[in-house]
Amino acid sequence: MANFNQKIKRIGVYTSGGDAPGMNAAIRAVVRVGIAQNLEVYGIHSGYVGMIENSIQPLHLRDMANIIQRGGTMLKTGRSTDFMKPEGRAKAAAHIKAAGIDACVCIGGDGSFRGAHALWEEHQIPIVGIPGTIDNDIFGSDKTIGFDTAVNTALEAIDRIRDTAASHDRLFIVEVMGRNSGFIASHVGIAGGAEEIFTPDGNVTVEKAIEHIKEGILRGKTSSILIAAEGQKPGRAYDLADSIRKKSGMDAKVCILGHQQRGGSPTAADRILASRMGAAAVDSLLKGFCDIMIGTEGERLVQVPLDVVTKTEKKSQMDLISLANLLAT
Ligand code: F6P
């Protein structure tokens with residue numbers, strides 16, 4: 001956490017990394033709260049890519065009309081390899097300063113926050129972060145913008161798969177996103193009544209899953225759904241299906257939900273979270289706080305230093321996985 005003394009007149013806002021439903025609601029809140037506080041607000045397109053390419057434009061109240069319900073990000077987003085180098089960051093910082101932008105709001109995940117922290121440390125650009133990622137893997141915030149929507153989108157698909165699995169007495173493996181984390185998997189697993197949940201940090205083995213499925217069959221179960229987090233290796237669901245086939249002779253259908261989990265209209269919970277966080281980010285900058293992320297602790301908004309956010313791993317909720325297991329009998 002840092003403080004800066006300069007009075008701010010113009011702020012920039014950008015979205016970075018993977019898009020997440022609710023990012024538009026966050027942009028809207030930053031712009032409208034900023035303007036209500038007599039600030040000028042500029043949009044930086046495609047995250048750090050746009051900063052390096054000097055793609056920066058003013059945003060007005062009416063530009064925010066009709067976006068709260070839209071998925072994706074109206075500012076576009078990107079992952080910049082140039083920004084990882086000091087020369088790239090120097091170019092980006094020079095463009096921000098030349099545009100007269102005194103401070104920024106960064107909406108993104110941990111990679112985006114590492115960039116924001118570097119811009120403060122190396123070029124003294126004050127930035128406040130808002131956690132926007134479907135993965136929910138950001139330390140310092142119970143919830144990230146987009147997670148609730150992604151869980152509900154995946155759940156809708158799983159419910160449909162359950163219909164066909166039950167009709168054909170089949171075993172399905174459904175792979176969900178989450179990069180290296182298992183938050184989407186554990187949440188859809190429990191909400192969708194999954195028989196087993198594989199996460200990168202979980203302890204479910206193929207042998208354990210087979211045993212669990214066989215016990216279910218003995219109790220009269222005719223179909224099962226296993227959830228696999230994509231982990232470090234997307235496509236892992238196919239490896240699991242192979243392994244189950246080799247070890248038990250059981251055939252498993254694979255369904256990879258993929259990028260559909262990132263799209264769609266944000267849920268009410270995500271819109272509300274994004275609106276609150278956007279307003280709090282502008283408020284923090286006006287009070288002279290920067291190098292922080294706005295997070296949630298229960299219902300409360302909190303400020304967490306960016307270097308703590310980016311250096312600490314958010315632990316998975318293993319209790320949810322064991323509960324899902326207990327309930328899927
Ligand atoms: O971080 C969001 C996320 O959707 C992850 O769940 C996934 O691993 C990754 O982004 C995919 O990124 P890309 O769309 O760049 O392939």
Side-chain angles (χ1 to χ4, degrees), residues 14-26 45-50 70-73 75-84 106-116 129-158 173-189 197-202 227-240 254-267 270 273-274 277 293 295 306 309-310 312-317:
Y14 60 98
T15 47
S16 167
D19 62 312
M23 280 184 162
N24 281 327
H45 299 140
S46 308
Y48 296 117
V49 177
R70 300 226 167 104
T73 158
L75 285 176
K76 299 199 184 284
T77 185
R79 303 190 201 275
S80 170
T81 42
D82 287 343
F83 191 79
M84 310 243 179
C106 163
I107 307 167
D110 57 351
S112 313
F113 294 158
R114 271 192 291 278
I130 297 179
T133 164
I134 62 164
D135 300 341
N136 201 35
D137 59 347
I138 307 293
F139 180 83
S141 194
D142 292 347
K143 290 279 148 56
T144 60
I145 296 168
F147 174 63
D148 187 64
T149 308
V151 166
N152 280 291
T153 303
L155 191 59
E156 226 179 284
I158 290 162
I173 302 177
V174 181
E175 182 179 295
V176 295
M177 274 189 166
R179 202 180 286 280
N180 303 326
S181 70
F183 291 97
I184 298 181
S186 57
H187 281 68
V188 297
I197 305 169
F198 291 90
T199 59
D201 50 1
I227 303 294
E230 65 178 350
Q232 284 162 3
K233 192 172 166 241
R236 187 174 167 232
Y238 284 107
D239 298 339
L240 281 176
V254 171
C255 180
I256 297 185
L257 298 186
H259 285 80
Q260 64 171 310
Q261 292 160 97
R262 287 233 298 254
S265 187
T267 57
D270 274 331
L273 181 66
M277 285 180 162
M293 176 193 77
L306 281 184
V309 171
T310 53
T312 324
E313 196 194 334
K314 184 172 172 181
K315 294 267 175 256
S316 290
Q317 291 157 288

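Both ligands and their constituent atoms are indexed starting at 1 by order of listing. All of these numbers come straight from a predicted model, not from anything done at the bench.
- In this structure, D137 CG and T144 OG1 are separated by 7.0 Å, a value rounded to the nearest 0.5 Å.
- The main-chain N or O of V309 is never found under 3.5 Å from a side-chain atom of T312 such that the two would form a donor-acceptor pair.
- Ligand 1 places these atoms under 4.0 Å from at least one heavy atom of H259: 13 (P), 14 (O), 16 (O).
- Close approach of ligand 1 to G178 is summarised as follows: ligand atoms under 4.0 Å from at least one heavy atom of the residue are 6 (O).
- Partners of R70 by salt bridge (Lys or Arg N to Asp or Glu O under 4.0 Å), not counting sequence neighbours: none found.
- Under 4.0 Å from ligand 1, the heavy atoms of R262 that appear belong solely to its side chain.
- By the side-chain hydrogen bond (donor to acceptor under 3.5 Å, both in side chains) test, T73 pairs with T15, sequence neighbours left out.
- Against a heavy-atom cut-off of under 4.0 Å, E230 is close to the following atoms of ligand 1: 5 (C), 6 (O), 7 (C), 8 (O).
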